[in-house]
Amino acid sequence: MKAHQLQLEEAAKRDHRRLGAELDLFSFPEEIGSGLAVFHPRGGIIRKVMEDYSRKRHEESGYEFVYSPHVTKANLFETSGHLEWYAEGMFPPLKLDEELDDDGNVKRQAQDYYLKPMNCPFHCLIYKSQARSYRDLPLRMFEFGTVYRYEKSGVLHGITRARGFTQDDAHLYVARESIEVELTNVLNFVLELLRDYGLTDFYLELSTKEEGNPKFVGDDDIWVEATQTLERVATNSGLQLVPDPGGAAFYGPKISVQAKDAIGRTWQMSTIQLDFNLPERFDLEYTAPDGTKQRPVMIHRALFGSIERFFGVLTEHYAGHFPPWLAPVQVVGVPVADEFSSYLHGIASELRAAGVRIQIDDSDERMQKKIRNHTMAKVPYMLIAGAEDQSQGAVSFRFRDGTQINGIPRSEAVARILKDIAEKVQV
RNA sequence: GCCGACCUGGCGCAAUUGGUAGCGCAUCGCACUUGUAAUGCGAGGGUUAGGGGUUCGAGUCCCCUGGUCGGCUCCA
């Protein structure tokens, strides 16, 4: 009971909505609309670093980058089936190019355009843009795709549940026989990347078909095969596997990665979803070695889910104390008095040249006040310099928890900071 | 979306039974030039989410719209 109370208090302190305002990361201006966020410079830099690193890793892992528009004619979502089973989750259509005659009757029917709630149909069109060979597979398309979903007002929750958000979305088109290899790679990739962002405690959930329910598409044999494959891959990962019978989408089974945060809460992070439906609907095929036309299987996967949501989860996981590589301002230099400012600026330019986000607090506040301000801003390192440090060519560290190390030689200080950032460690 | 609560300067809060908005932080200016969580003084900034109504008079009462929060349901 008391523990529960403490847990709630801790959660409230970490609430990303609160920290988002306190740390000036993002906001939801009423003028824009419910569930639609803007990222401020400090949140923007964190997001950029997150995205940059993700892009780099995707590039290294054989993904190709694609881009698709935010709006499309209804036709595309009719083909994909989204308008049939997902329409209430979509923003209502924009009616374009309607023409009326003099009597006000419709002369030319309006064309409906929708904001996209998903990226997959676009990627399928890219797949279809040319004849595909088995040699093209697996084809891995990645996009930071911004989508819009008309979430019910009561479910909106800061940046973790919004109406506009950006998925780190990838679709892999694979031959049926290479599903296992590809899934293994994807799962490893996902886990590795999540660990880089600081989440380390995972378990997996396997969502499977509900027996006897006719809504599921695809032959039984491919379901059985795919489900067994997913299970094998999941088991081989060595992580705990929790069954979720009946939890599969109608178009395929999935594995989801559940991560525990710093205070033990579980968040569903990445999903790896097999899809037998869209390849069918878009009539996707490739030419096999024997010359026959074959249908690829699609793997949907997002490892952040959405960047915004992941951002929110990390904010709460770290309680706003982002590790140096993600922190908006990584280092603040605080001179004991004005005369030591230029000395710190010298160190700053050295760090800045190495890509470090450092500021020198030259304001005329008192030193204690500066320390207070930057502590509350959760800056990972404060470098303080006064007469003693300057005369020794050194600098003093102050960390977020209040601990300090004085008289660190300048070169050592620089090296330490660069190393921490490069290794993505928390301090 | 449903049920309930709430919405006062950038942020956090005050305003007796309805009587014409205050404080702290932040901001700006001046002075202070300081060894590890808040230097002092001064100034500017709100007509109380938006609209309508009741009233001699509304931040305080009623209605509508928007937004927020909690719960339900759902989800990335």
Side-chain angles (χ1 to χ4, degrees), chain A residues 8 11-12 15 17-24 27-36 40 86 88-89 117-120 144-169 207 247 249 254 256-259 267-273 300-313 332-341 344 361-379 381-391 394-407:
Chain A
L8 288 181
D15 193 315
R17 294 169 301 184
R18 172 176 171 171
L19 288 169
E22 282 177 10
L23 301 177
D24 193 21
S27 62
F28 288 89
E30 195 179 323
E31 293 85 336
I32 299 177
S34 202
L36 300 167
H40 299 9
Y86 195 71
E88 72 297 341
M118 315 231 169
N119 304 301
C120 11
F144 279 119
T146 301
V147 297
Y148 298 90
R149 299 184 185 175
Y150 196 74
E151 301 292 352
K152 288 183 271 180
S153 59
V155 306
L156 297 171
H157 187 85
I159 217 162
T160 59
R161 193 74 188 277
R163 284 183 172 160
F165 55 92
T166 303
Q167 296 180 305
D168 61 325
D169 210 0
S207 302
K254 71 173 177 191
S256 52
V257 179
Q258 313 284 327
W267 303 82
Q268 183 186 116
M269 298 304 340
S270 319
T271 57
I272 302 172
Q273 170 99 49
H300 303 247
R301 54 96 294 193
L303 53 263
F304 294 162
S306 83
I307 299 172
E308 291 83 351
R309 184 177 135 87
F310 193 65
F311 189 118
V313 171
V332 168
V334 178
V336 167
D338 267 359
E339 56 175 310
F340 309 111
S341 174
L344 274 175
D361 189 343
D362 278 329
S363 69
D364 53 7
E365 294 291 352
R366 297 180 123 63
M367 173 186 178
Q368 286 89 324
K369 182 61 175 293
K370 295 181 184 181
I371 287 172
R372 176 166 205 269
N373 287 159
H374 302 117
T375 301
M376 291 195 304
K378 307 188 196 298
V379 175
Y381 309 99
M382 270 184 254
L383 291 184
I384 298 167
E388 283 174 41
D389 294 293
Q390 188 172 35
S391 66
V395 73
S396 296
F397 275 84
R398 183 189 164 103
F399 301 95
R400 286 186 285 216
D401 64 358
T403 59
Q404 41 183 300
I405 314 177
N406 296 332

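All heavy atoms count here, side chains included; hydrogens, waters and symmetry mates do not. The sequence lines fix the lettering, A, B, ..., with proteins before strands; numbering per chain opens at 1.
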Pairwise C1' distance, C25(B) and A38(B) [rounded to whole Å]: 10 Å
Output row for RNA chain B, stems defined as at least 3 consecutive Watson-Crick or G-U pairs under 3.5 Å, is B:1-7 with B:66-72, B:10-13 with B:22-25, B:27-31 with B:39-43, B:49-53 with B:61-65
Distances for protein N or O near nucleotides 11-13 of chain B N or O, under 3.5 Å:
none

Rounded to whole Å, CG of Asp15(A) lies from P of C69(B) at a distance of 8 Å
When rounded to whole Å, the CZ to C1' distance for the pair Arg163(A) and G67(B) reads 11 Å
U47(B) and A15(B): how far apart are their C1' atoms, nearest whole angstrom? 14 Å
Separation of C74(B) atom C1' from Gln268(A) atom CD, nearest Å, is 13 Å
Mark yes or no for a side-chain to base donor-acceptor pair under 3.5 Å between Arg161(A) and C74(B), with no hydrogen or angle criteria applied. yes
Using ring pair (Phe, Tyr, Trp, His ring centres under 6.0 Å) as the criterion, list what pairs up with Tyr86(A), not counting sequence neighbours. none
Rounded to whole angstrom units, what separation is found between the CG atom of Asn119(A) and the C1' atom of A76(B)? 11 Å
Separation of C75(B) atom P from Met269(A) atom CE, nearest Å, is 17 Å
Contact class for Glu339(A) vs. all strands (heavy atom < 4.0 Å): base, sugar-phosphate, or nothing? nothing
Going by distance alone, is a donor N or O of one side chain under 3.5 Å from an acceptor N or O of the other, for Asn373(A) and Glu365(A)? no
Ignoring hydrogens and geometry beyond distance, is a side-chain donor-acceptor pair present between Thr271(A) and His300(A) at under 3.5 Å? no
So is Arg163(A) actually on top of Tyr148(A)'s ring, under 6.0 Å and inside 45° of the axis? no
Can you name the residues that form a ring pair (Phe, Tyr, Trp, His ring centres under 6.0 Å) with Phe310(A), not counting sequence neighbours? Tyr197(A), Phe304(A)
Heavy atoms under 4.0 Å is the rule here; annotate nucleotides 35-50 of chain B 5' to 3' with B where the base is hit, S where only the sugar-phosphate is, and - elsewhere. BBBBB-----------
Of all residues at least two apart in sequence or in a different chain, which pass the ring pair (Phe, Tyr, Trp, His ring centres under 6.0 Å) check with Phe28(A)? none
Leu36(A) CG - G67(B) C1' separation (whole Å): 12 Å
Round to the nearest Å and state the distance from Asp24(A) atom CG to U27(B) atom P. 12 Å
Residue Glu151(A), side-chain heavy atoms: nucleotide from U33(B), C75(B), G1(B) that is nearest: C75(B)
I'd like to check, for Phe304(A), whether its ring lies over the base of A76(B) with centroids under 5.5 Å apart and a plane angle smaller than 30°. no
Between C75(B) (C1') and Glu88(A) (CD): distance, integer Å: 12 Å
Option among Leu383(A), Val379(A), Ile384(A) that satisfies the side chain to side chain contact (heavy atoms under 4.5 Å, CB included) test with Val332(A): Val379(A)
